[in-house]
Amino acid sequence: MNAAAQNFNYREIEAKWQRSWEESRIFDAEIAGTKKFFLTVPYPYTSGPLHIGHGRTYTLGDIIARFKRLKGYNLLFPMAFHVTGTPILAIADSIAKGDEGVIERYRDYVSIYEDAARIDAVIKTFDKPEHVADFFAARISEDFKRMGYSIDWRRKFNTTEPMYNRFIEWQFKKLYDKGVIKKGRYPITYSIEEGCAVGEDDIEEGDINKVSIIEHTTIKFKSGDTYLIAATLRPETIFGITNLWINPAATYVKVKVGNELWIVSREAAEKLGYQREGIQVLEEIGVQELLGTEAREPIEGRAIPIFPASFVDGDVGTGVVYSVPATWNAMGKGLEDLRRKEGIEVAPIKIIEIEGYDLPAKEICERMGIASQEDTRLEEATQIIYKDEFYRGVMNEKCGQFAGIKIAAIKDEVKVWLKGRNAADVFYETSRKAVTRSGGKVIVAILQDQWFIDYTPQWWKELGHKLVDQMSFYPEKYKAYMHDIIDWLALRPCARKRGLGTQFPFEKEWIIESLSDSTIYMAMYTIAHLVRQVPVDALDERFFDYVFLGIGDPGNLARKLQIDSDLLIRIKQEFDYWYPNDLRHTAPPHLSNHLVFFLMHHAAIFPEDKWPRAITLNELMIREGRKMSKSKGNVIPLAHVSELYGVDLYRLYCAINADFATVVNWREQDTDALRKRFNALTTVFEESTGAEALPEEEFSHTDRWLLSTFYRRLRDSIGWFEGFRIREAGINMVFNLMNDIRYYEKRASAERRKRIVRNILEDWLIMLSPIVPHICEELWHTSHDTFITLQTLPAVKDSYIDEQVEREEDYLISLVRDIHEILNVARLTPTTIYLYTAELETEHWKWDIFKALKDVPEKDRIKEALKLRRDKSTVEFVQQLQKNNLEYFALNERAVLDRERAYLTKEFGCALRINEEYDPKGKKRFALPLKPAIYVE
RNA sequence: GCGGGGGUGGCCGAGGUGGACGAAGGCGCAGGACUUAAGAUCCUGUUCCGUAGGGAUUCGAGGGUUCAAAUCCCUCCCCCCGCACCA
């Protein structure tokens, strides 16, 4: 069992069988029989190469697919490519513009696949988005083949193909008919310079430091015939206002909003122009002019002063800030500075009661030693105060009708109340200052006519819940989570002005957004290869209505569409046969976006019998304890797996290293360890391929033990596999069985091991083939011309599972362990070992009681035993049974020991005497059933 | 604050429907075999005590239920993720 060197050229084997599978087209799925299984894993986005983290999900998907094949299912596992959306477009634009950063990144990517000499030529073509997409789609499908995935490639497509566009249009028409496609106002991130919406990919560092849209409340402070407009995220603090702040270094302007005049910073005025209609910017207003005046707060009409402050930024909010020194640090500090310099005294107004603080802002500053408004830790201090106040704070009596209520519960109500009094309005701001990759400022603009999918209708949510109830999830916890997500789901923008994809059928200048066009596309897999034979023009609403919903008569329809009616019928049959999607396997980050849309759209469009049946999810993969990301430079491309580790080893690692619910940590050290064990395993296999199996009539006890153990493990593993507990199944079929084999070899011999392994070899290989298909295929072919991939799981040979045989071996194992322990503790080298079983005449009562107590609950055993034999030793005996956890089963100990005399003698290198009279230390009385007394000389 | 997941031996990481759990597996470490040697590989050991199969103490902290708790209940502390929230 020496696994010194790698005994196979794994790369060669991988390539050989992948070629062979492809040539024999064994993964091309055709209608056959009633037991079908349709498995999908999300199609990859083709903006770049995939790495080993992505590979986990696809690999587990393939393992499931291969297992289901072994279970006799007619299996469909298809794949396609996702091209829709803005990222690929943004990449092509950047490359066309000569953006060095992006070009460098893509040089890296391309170098994974191309010779250095070809890289620049390839990059040159990347000025067109379709070239980027096509390049990576082609490489990713090669990667997938090289990973041994059992995909039916005839059905591949990408999401910008005309046939797919037609399909998506159909989907949106169906949704439109249900009344859930709507138009409305919607805030977006926007670049003034570029004059368009910008997303994560367009924004400088947008991928690392996300920019989100924040709704601020603007509060109006009347000042003469104008209003000073202060933006805030904490409208509930209005009750504690003491003054307004403006920055003397900023510029303020008068703006006409409706028939009101507002005063805001120049920057804010510009932003307002993108957020409201009919904004008119009037003249500038001098800061000194403002500082001299007073404004009136909108609740009681108190006059409040306007002070200068350096911390106010004209480019954040409205450039006007209202001051609540009791809770806000900067304000408190600003007032202190003011007092020192100008002698102006402003008393904070306390409006929030919170345990542990009197005036929180002041106290936290004291605690943290913050002295002025310039201190950089003010931000941190504000955060602490905010959390405390928000969750624990209660509005006090100064807050009118809101007194006595927790901030967390009242915040929105205050906002609504203020708006109702025309004291407040809304202003959107980005969560941080951001610029586009070409340097343009990012602001928030409001689209007046954004298209949405409205997920709020009650009928839809009910269908969604019903669907979820009917399906299964693994890990199961996600089922409850999915119900919650369905409840939370509201409006979702479904189209953009920019990007690749399908034109929005109701307004052609909009493009359907990339998550909205990936919801029911699994249906497309069932027919994609045949739809290619249909002219695109024929793919109208009636076509898909017929294929997916059975609406219309095929003969008539074929005539109208001018297509072959047999083909049309065939396409429908294909859909009817494969649909629904029996299992969708993906990762948890998709739950609250893709997966919920997937479920909801199925619920809305398809009848119940076409609803998805199950979702399984695996956690992500990290590397050496850290998240994998391009920016960290710690990704391993999927394309390098074969070369660096070997595909089967990678697959084994994915299968065995962690359960679905656990993050896999890809550690180099662990791959080395696994490689050793994997080599040892394949060596055991290889050494048996040429061996002659043992005939049944020659089976010894040890042979029967191994067979029994093997088939028990096989049976357990199949059960685990069916429940997606692939890790347990894998560990059982690799590690545990290897331990069994090693033990067997010790008990028997290396020669005999080779023969007995031959008896189980084929069943073992079949069971492992979903996980490590290449090596299994290779070994299978040493004695077969068929593909192991197409075998069915052996009916478990239950007849080999023999409890008595296993018990006898357990008995022996525990005896050997006991003897070793004695030798070890007593530091003896034995010349003779004496064993005394409880079968001895003087001890035989123990067996009798043991048997009698078989079904007696533990509590009653002593009582029960005493009924049979009134003696103190009986109590001790029963206690010993408990302590040793001995469970009754019939065993002729003497016969087993006689049979194993040679083994024991060899194991301990000394003479063995069983149940002799000779007993110098009186050990006999310690004998227990199934646990002989031992005396060593 | 809410929702979800965690805290296990030198480290990583299983188990967790209560009992066979000093706790799988791996890494590391120690000893041994092989080797001219190193490496690789294999074997043995790896909480503490013990010259007879035993005992003691362990699974974030503290309580409890039980004949029996890493596993169940309560309280607390800490970590991660999502939400929320943040001029």
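By convention in this document, chain letters (A, B, ...) are assigned in the order of the sequence lines, proteins followed by strands, and residues within each chain are numbered from 1. Worth knowing before you read on, the calculation uses all heavy atoms, side chains too, and leaves out hydrogens, waters and symmetry mates. All figures in this text were calculated on a predicted structure; none of them were measured in a lab.
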Quick one: label Lys477(A) by what it contacts on the DNA or RNA (base, sugar-phosphate, nothing), any heavy atom closer than 4.0 Å. sugar-phosphate
Please report the interatomic distance CG(Leu652(A)) to CG(Leu674(A)), rounded to the nearest 0.5 Å. 4.5 Å
Let's see if you can work this out: which of G53(B), A52(B), C86(B) has an atom nearest to the side-chain heavy atoms of Val936(A)? A52(B)
C85(B) phosphate, OP1 or OP2: any side-chain N/O from Arg234(A) under 4.0 angstrom? no
Under a cut-off of 3.5 Å for both distances of each Watson-Crick or G-U pair, what dot-bracket string does RNA chain B give, using [ ] for crossing pairs and | for inter-strand pairs? ((((((((.[[[..)...(.....]]]((((((.......))))))(((....)))...[[[[[..)....]]]]])))))))....
Between Val316(A) and Arg725(A), who's closer to the 5' end of RNA chain B by nearest nucleotide? Arg725(A)
Just the rounded figure in Å: distance from P of C42(B) to NZ of Lys746(A). 17 Å
If I take atom CD1 in residue Ile485(A) and atom P in nucleotide G4(B), what distance separates them, rounded to the nearest angstrom? 13 Å
Between G39(B) (C1') and Asp672(A) (CG): distance, integer Å: 14 Å
Presence of Lys676(A) side-chain N/O under 4.0 Å of U41(B) phosphate oxygens OP1/OP2: yes
Do the ring centers of Phe678(A) and Tyr10(A) come within less than 6.0 Å of each other? yes
P atoms of G55(B) and U8(B), separation to the nearest Å: 29 Å
Value in whole Å for how far the P atom of G54(B) lies from NZ of Lys923(A): 12 Å
Kindly determine whether Tyr743(A) and Glu809(A) satisfy side-chain hydrogen bond (donor to acceptor under 3.5 Å, both in side chains), including the steps that lead there. CA-CA 11 Å; Tyr743(A) 177 74; Glu809(A) 198 60 28; 2.6 Å; yes
If you only use heavy atoms from C-beta on, which nucleotide in A24(B), A87(B), C86(B) is closest to the side chain of Arg727(A)? A24(B)
Between Ala658(A) and Ile819(A), just flag the one whose closest nucleotide in RNA chain B comes earlier from the 5' side. Ala658(A)
When the C1' atoms of C74(B) and C21(B) are considered, how many whole Å apart are they? 25 Å
Can you see whether Tyr744(A) has Arg753(A) sitting over its ring - NZ or CZ less than 6.0 Å from the centre and within 45° of the normal? no
To the nearest angstrom, how far is His216(A) atom NE2 from C86(B) atom C1'? 9 Å
To the side chain of Gln669(A), which of C27(B), C86(B), G53(B) is closest? C27(B)
Is it true that the NZ or CZ of Arg677(A) lies under 6.0 Å from the centre of Phe735(A)'s six-membered ring and within 45 degrees of the ring axis? yes
Residues in contact with RNA chain B, drawn from residues 659-667 of chain A - heavy-atom cutoff 4.0 Å: Thr662(A), Arg667(A)
At 4.0 Å (heavy atoms only), tell me whether Pro932(A) reaches a base, stays on the sugar-phosphate, or touches nothing. base
Write down the distance separating the C1' atoms in A24(B) and C59(B), rounded off to the nearest Å. 15 Å
Rounded C1' spacing from G26(B) to G82(B) in Å: 32 Å
Least distance between heavy atoms, Lys433(A) atom then Asp315(A) atom: NZ-CB, 3.7 Å
Minimum-distance nucleotide (side-chain atoms of Arg742(A) versus C86(B), G26(B), C43(B)): C43(B)
Side-chain contact check for Phe926(A): nearest option of G53(B), A52(B), A24(B) is G53(B)
Just the rounded figure in Å: distance from C1' of G25(B) to CZ of Phe678(A). 17 Å
Mind checking the P distance from U71(B) to G9(B)? Whole angstroms is fine. 14 Å
Aromatic rings Tyr455(A) and Phe597(A): how do their planes relate, parallel, tilted or perpendicular, breaks at 30° and 60°? parallel
So Tyr653(A) and Trp666(A), would you call those rings parallel, tilted or perpendicular, with 30° and 60° as cut-offs? tilted
Aromatic plane relationship, Tyr474(A) with Phe660(A) - under 30° parallel, 30 to 60° tilted, over 60° perpendicular: perpendicular
Select base, sugar-phosphate, or nothing to describe what Asp313(A) touches, counting heavy atoms under 4.0 Å on all strands. base
Can you tell me how far apart OH (Tyr834(A)) and NZ (Lys921(A)) are? Round to the nearest 0.5 Å. 12.0 Å
Separation of the C1' atoms in C48(B) and G10(B), to the nearest angstrom: 16 Å
Which nucleotide in C27(B), G5(B), G54(B) has an atom nearest any side-chain atom of Glu821(A): G54(B)
Taking atom P in both C72(B) and G5(B), what distance in whole Å separates the two? 13 Å
Using a heavy-atom cut-off of under 4.0 Å over every strand shown, decide if Arg677(A) touches base, sugar-phosphate, or nothing. sugar-phosphate
Using atom CG of Leu620(A) as one end and atom C1' of G4(B) as the other, report the distance to the nearest whole Å. 15 Å
So, for Ala231(A) and Thr318(A), which heavy atoms are closest and what is the spacing to 0.1 Å? N-OG1, 3.2 Å
Taking the P atom of each, how far is C12(B) from G28(B), in whole Å? 15 Å
How long is the line joining CD of Glu728(A) and P of G15(B), in whole Å? 7 Å
Phe473(A) and Tyr481(A): aromatic ring centres closer than 6.0 Å? no
